[in-house]
Amino acid sequence: MARVSQEHLDARRRQILAGAARCFSGNGFHGTSMQDVLKEVGLSAGAVYRYFASKEDLIAAIADEAFRSIRQAFEEAAELTPPPTPDVLLGRVLRRVIDGQVYGLERRTCAALMVQVWAETLRDERLAATLEDGYTGMRAAWAKLVDAYRAAGIMHSDVPADDVARTMIATAQGFMAQEALFGGAEPEVLENGLRGLMSMDPQKIS
């Protein structure tokens with residue numbers, strides 16, 4: 001029997017995750033069954049269960065991939081000299097995550113899926129652990145970026161790096177929540193808003 005290439009295995013796994021993401025975004029985690037996923041991806045139960053033993057495995061994998069994509073964008077930015085400023089970086093990251101580059105979903109649908117993942121962590125300990133790992137990784141990546149900003153002489157050293165990291169993560173999360181709930185939250189809005197805040201001169205505030 002011919003061996004299946006790793007490229008084929010990776011493509012099949014991604015096909016399954018993309019189909020599951022479409023199902024979850026439309027019907028929610030609890031309204032989606034494994035049968036729904038099988039129908040969506042057009043594969044047999046055996047083909048899908050080879051990769052994911054349960055719906056919970058699918059949800060955890062989707063969350064993990066989203067976090068890895070975001071963390072990778074931060075880490076790549078930290079290697080640039082000088083690194084992109086937060087307005088540019090967050091705009092780039094959000095486009096990467098919610099403009100169809102992860103699972104081919106429409107922006108608002110992708111944002112809604114992320115909000116569902118966050119909500120699900122309140123009842124699922126395994127998913128909560130995945131979220132915690134992803135959050136910790138993003139904080140570390142942002143802290144590395146802060147070091148790069150300071151080395152380039154474009155950020156003061158009197159604010160803890162982790163405080164900056166948590167604030168930027170919260171900004172991205174808030175943007176995605178706005179998009180999921182109301183729509184129309186273009187990345188340009190976030191970029192412009194951050195640029196405006198960054199332009200404030202504390203010396204002129206009496």
Side-chain angles (χ1 to χ4, degrees), residues 59-60 62-99 101-102 107-108 110-182 184-206:
I59 297 170
I62 288 171
D64 183 63
E65 185 163 330
F67 293 134
R68 283 192 291 108
S69 179
I70 296 171
R71 187 165 62 249
Q72 182 180 358
F74 289 157
E75 290 171 348
E76 290 172 356
E79 299 302 320
L80 300 176
T81 305
T85 53
D87 56 320
V88 174
L89 176 58
L90 279 182
R92 183 182 302 171
V93 168
L94 288 167
R95 287 186 180 89
R96 181 173 184 166
V97 175
I98 66 174
D99 274 2
Q101 297 184 43
V102 177
R107 178 185 297 168
R108 189 170 184 181
C110 187
L113 180 61
M114 291 299 99
V115 172
Q116 287 186 63
V117 168
W118 300 337
E120 189 68 8
T121 62
L122 299 178
R123 60 168 296 278
D124 187 319
E125 291 184 0
R126 177 186 173 191
L127 191 58
T130 298
L131 181 68
E132 180 67 27
D133 287 344
Y135 180 56
T136 300
M138 284 190 288
R139 285 169 66 180
W142 257 109
K144 185 177 179 181
L145 264 170
V146 170
D147 290 339
Y149 289 145
R150 290 172 175 167
I154 57 177
M155 179 177 282
H156 296 298
S157 60
D158 57 345
V159 177
D162 189 56
D163 290 1
V164 178
R166 294 178 66 174
T167 300
M168 290 297 98
I169 293 169
T171 300
Q173 290 174 320
F175 176 90
M176 286 192 279
Q178 282 191 32
E179 177 63 26
L181 294 171
F182 311 114
E186 301 289 335
E188 290 81 3
V189 172
L190 178 70
E191 292 170 329
N192 291 336
L194 283 173
R195 193 173 301 118
L197 290 172
M198 290 161 56
S199 69
M200 296 175 66
D201 185 352
Q203 300 300 323
K204 295 183 179 180
I205 299 176
S206 58

Can you sort out the partners of A185 under side chain to side chain contact (heavy atoms under 4.5 Å, CB included), two or more places apart, ordered by chain and number? F175, Q178, E179

Minimal heavy-atom distance between A63 and L127, with the atoms involved, is CB-CD1, 3.9 Å

Test: salt bridge (Lys or Arg N to Asp or Glu O under 4.0 Å). Region: residues 150-176. Which pairs qualify, not counting sequence neighbours? R139-D162

Can you list everything that forms a salt bridge (Lys or Arg N to Asp or Glu O under 4.0 Å) with D147? Sequence neighbours excluded, please. none

Specify the closest pair of heavy atoms between T130 and A60, including all atoms of both residues, with the distance to one decimal. CG2-O, 4.0 Å

Side-chain heavy atoms of Q173 within contact of M114, under 4.5 Å: no

If every non-hydrogen atom of G196 is compared with every non-hydrogen atom of S199, which pair is closest and at what distance? O-OG, 2.6 Å

Where at least one partner belongs to residues 111-129, residue pairs that pass salt bridge (Lys or Arg N to Asp or Glu O under 4.0 Å), sequence neighbours excluded: D57-R126, E120-R123

If I compare all heavy atoms of A177 with all of V115, which pair ends up nearest, and what's the gap? CA-CG2, 4.1 Å

Return the set of residues passing side-chain hydrogen bond (donor to acceptor under 3.5 Å, both in side chains) with T85 (not counting sequence neighbours), or none when no residue passes. D87

Not counting sequence neighbours, which residues clear side chain to side chain contact (heavy atoms under 4.5 Å, CB included) with A172? List them please. L90, L94

Not counting sequence neighbours, which residues clear salt bridge (Lys or Arg N to Asp or Glu O under 4.0 Å) with E132? List them please. none

Are the side chains of E65 and I62 in contact, using a 4.5 Å heavy-atom criterion? no

According to side-chain hydrogen bond (donor to acceptor under 3.5 Å, both in side chains), who are the partners of D64, at least two apart in sequence or on a separate chain? R68

Are L145 and M168 side-chain neighbours, meaning at least one heavy-atom pair lies under 4.5 Å? no

Specify the closest pair of heavy atoms between P187 and G91, including all atoms of both residues, with the distance to one decimal. CB-O, 4.3 Å

Going by side chain to side chain contact (heavy atoms under 4.5 Å, CB included), name the residues that satisfy it together with E191, two or more places apart in sequence or in a different chain. R95, E188, R195

Return the OG1 to CG distance between T136 and L131, rounded to the nearest 0.5 Å. 9.0 Å

Which pairs, with at least one residue in residues 129-163 and sequence neighbours excluded, count as a ring-ring contact (aromatic ring centres under 6.0 Å, His included)? F74-W142

Minimum heavy-atom separation for R108 and L181, please, with both atom names. NH2-O, 2.7 Å

